[in-house]
> 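Next up is a structure, given as structure tokens.
Below, chain A is the first sequence line, B the second, and so on; all start at residue 1. Keep in mind that what you see is a predicted model, and the values were worked out from it rather than measured.
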2 protein chains.
Amino acid sequence: MSPTRIPEATVARLPVYLRALNSLLDSDIRSCSSEELATAAGVNSAKLRKDLSHLGSYGTRGVGYDVEYLRYQISREIGLTQDWPVVIVGIGNLGHALANFSGFSSRGFRTVALLDADESRHGELVAGCPIRDFGELGQIVREHGVAIGVIATPASAAQAVCDQMIAAGIRSVLNFAPTVLSVPEDVDVRMVDLSSELQILAYHEQRKAPHVEGAPGTEGVA
Amino acid sequence: MSPTRIPEATVARLPVYLRALNSLLDSDIRSCSSEELATAAGVNSAKLRKDLSHLGSYGTRGVGYDVEYLRYQISREIGLTQDWPVVIVGIGNLGHALANFSGFSSRGFRTVALLDADESRHGELVAGCPIRDFGELGQIVREHGVAIGVIATPASAAQAVCDQMIAAGIRSVLNFAPTVLSVPEDVDVRMVDLSSELQILAYHEQRKAPHVEGAPGTEGVA
DNA sequence: AAGAGTTTGTGAACGTGCGAACAAACTGAA
DNA sequence: TTCAGTTTGTTCGCACGTTCACAAACTCTT
Ligand SMILES: NC(=O)c1ccc[n+]([C@@H]2O[C@H](COP(=O)([O-])OP(=O)(O)OC[C@H]3O[C@@H](n4cnc5c(N)ncnc54)[C@H](O)[C@@H]3O)[C@@H](O)[C@H]2O)c1
Ligand SMILES: NC(=O)c1ccc[n+]([C@@H]2O[C@H](COP(=O)([O-])OP(=O)(O)OC[C@H]3O[C@@H](n4cnc5c(N)ncnc54)[C@H](O)[C@@H]3O)[C@@H](O)[C@H]2O)c1
């Protein structure tokens, strides 16, 4: 279907386009130009067209794109036309939020198990799903063909959890613990690091206002 | 101090180096080579050295880097030697987790207020901080000199919340709602989109195993 | 003091990504 | 049919990011 490899930068934007297309459909807009879609996605229209050209030629010159058709093509390219079973490990503050997050289940991702090492939480229902023991990981992965694992444990446990996931057959990991995971080459890890995001904002903020004399916000102790 | 502008890709990695340095200090390692630090940070050592060279010449040839000194220099460059007051808006599932997240407060970021539009939650204590009305935003920003705002509301409210933040004087926004925010040029927005991260993983996963015949994980309906 | 060994900082080559600009392809009117 | 107007898909130049490779600068031994 897609003979050419898609650039990584493009892959990272496809979900954004998908969101924009869904938003247009919600407003009953059936067709759109690259300019409109680019605005909705917050990117340059030339970039959008080049990105889409990597998937194929799904627009019509002089007309634009059919919203539903393009959405299907992007979904198919990403792999959202199939179902992706997911396990979440570490059901603390963040794990609870993730389990309740509708954005996970809405797009083909299905939480098949919530795992935690803390025995006192086993059996507790979160978003209708019981918390189970981490030791059941291997069996669950085999049973449901889980390919994607989410780590929401403390950093100290993350590498061990990751190793177990890989041993069980998982080859894609979404890591929320603030630690670098070392994995074999065929395993993908994506890291979500809130602390880093704040620090990047702080860097730019500092550059904007280099003159912080008697400004408030420094008198209170953390 | 730093006459030259630091490349964006480098800025995004500085927090990672900082984490690695802290981790080395925890192990009582006072000095390290670029190779060691690069391994701890999960990057190429040449890239690490080039990144650090943008800050200045803080290493010693033939020896390596002093861990504590380098940590201080990076902290200073990012702006973590000063205190950053932060407000979080939308104290639902995710907002609760964020308020409880120690990684926020640990590095100079101080949550000064939790705001929500839902009156029934006002006064409730989360991580020792009371939930207050969203209408108090302007006053709080002025009072504490808040420069960074975190949005954890539903997507439908995010743009309005963002506009209010900017009107109040906030110029850096961390957005968790899955929607594109339109802001003036002098405002920075960073977006954390879990759904996108999962989709990117799914894309690569699909490429790894293009042969999904009778594999499990497709029989159950979402 | 000199030389061997180590490690940083950087110049240069290479690859990727971005945006402007334009030809190709479509629609619709005359 | 022909022509004007519109919008896609793609080419091209440029900027940015990554990696290699090595001179410069340090330590330590003899
Ligand atoms: N709370 C946030 O908003 C937030 C944001 C970003 C990152 N994080 C990171 O996400 C992780 C979780 O944060 P949290 O606030 O939910 O912490 P938490 O302490 O509330 O939850 C951690 C959970 O992991 C479980 N756990 C510990 N070791 C385990 C193991 N070996 N196997 C399975 N489960 C194990 C614990 O029992 C606990 O339930 C942390 O690494 C944190 O730094 C949290
Ligand atoms: N839960 C997750 O793990 C998760 C992960 C990623 C992204 N998100 C996104 O983060 C956002 C919050 O998720 P959640 O699960 O916490 O949702 P939630 O419904 O539990 O919480 C949303 C909160 O925002 C408040 N709110 C609504 N409108 C507001 C307004 N105009 N001003 C101030 N407060 C307002 C609500 O009262 C509620 O308390 C959503 O956009 C969601 O898509 C959530």
> Please report how far the helix from C/dA1-D/dT30 to C/dA30-D/dT1 bends, comparing the axis fitted to its first five pairs with the axis fitted to its last five, to the nearest 10 degrees.
10°

> Just jot down the salt bridge (charged side-chain N to carboxylate O under 4.0 Å, His left out) partners of A/R13, sequence neighbours excluded, or say none.
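So A/R13 forms a salt bridge (charged side-chain N to carboxylate O under 4.0 Å, His left out) with A/D51.
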
> Suppose we screen for ring-ring contact (aromatic ring centres under 6.0 Å, His included). Which residues come up paired with A/F104, at least two apart in sequence or across chains?
A/F101

> Please report, rounded to the nearest Å, how far the C1' atom of C/dG9 is from the CG atom of B/L52.
10 Å

> Whole-Å distance between C/dG17 C1' and A/E8 CD?
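Value for this atom pair: 12 Å.
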
> Apply side-chain hydrogen bond (donor to acceptor under 3.5 Å, both in side chains) to A/S33 and list each qualifying residue two or more places apart in sequence or on a separate chain.
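With sequence neighbours excluded, A/S33 shows a side-chain hydrogen bond (donor to acceptor under 3.5 Å, both in side chains) to A/E36, given in chain and number order.
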
> In whole Å, I'd like the distance from the NZ atom of B/K50 to the P atom of C/dG11.
8 Å

> Tell me every residue that passes ring-ring contact (aromatic ring centres under 6.0 Å, His included) with A/Y72, counting only those two or more places apart in sequence or in another chain.
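So A/Y72 forms no ring-ring contact (aromatic ring centres under 6.0 Å, His included) with any residue.
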
> What residues form a side-chain contact (heavy atoms from CB on, under 4.5 Å) with B/I29, not counting sequence neighbours?
B/L24, B/S27

> Excluding sequence neighbours, so at least two apart, what forms side-chain contact (heavy atoms from CB on, under 4.5 Å) with A/N100?
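Testing A/N100 for side-chain contact (heavy atoms from CB on, under 4.5 Å), a comparison that skips the adjacent residues, returns A/V126, A/A127, B/N93.
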
> Can you sort out the partners of B/S195 under side-chain hydrogen bond (donor to acceptor under 3.5 Å, both in side chains), two or more places apart, ordered by chain and number?
B/Q199

> Going by heavy atoms closer than 4.0 Å, what residues in residues 60-71 of chain B are next to DNA chain D?
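Contacts with DNA chain D under 4.0 Å: B/T60, B/R61, B/G62, B/V63.
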
> May I ask you to list the residues of residues 11-45 of chain B, by number, that have any heavy atom positioned under 4.0 Å from an atom of DNA chain C?
B/S33, B/S34

> For A/R110, is there an ion pair with A/D83 - N to carboxylate O distance below 4.0 angstrom?
yes

> Once you round it to whole Å, what is the distance between P of C/dA21 and CZ of A/R49?
13 Å

> Who passes side-chain hydrogen bond (donor to acceptor under 3.5 Å, both in side chains) against A/E197, sequence neighbours left out?
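With sequence neighbours excluded, A/E197 shows a side-chain hydrogen bond (donor to acceptor under 3.5 Å, both in side chains) to B/R190, given in chain and number order.
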
> What is the first contacted nucleotide of DNA chain D and what is the last, in 5' to 3' order, if contact means an atom lying under 4.0 angstrom from a heavy atom of chain B?
D/dG17 to D/dT27

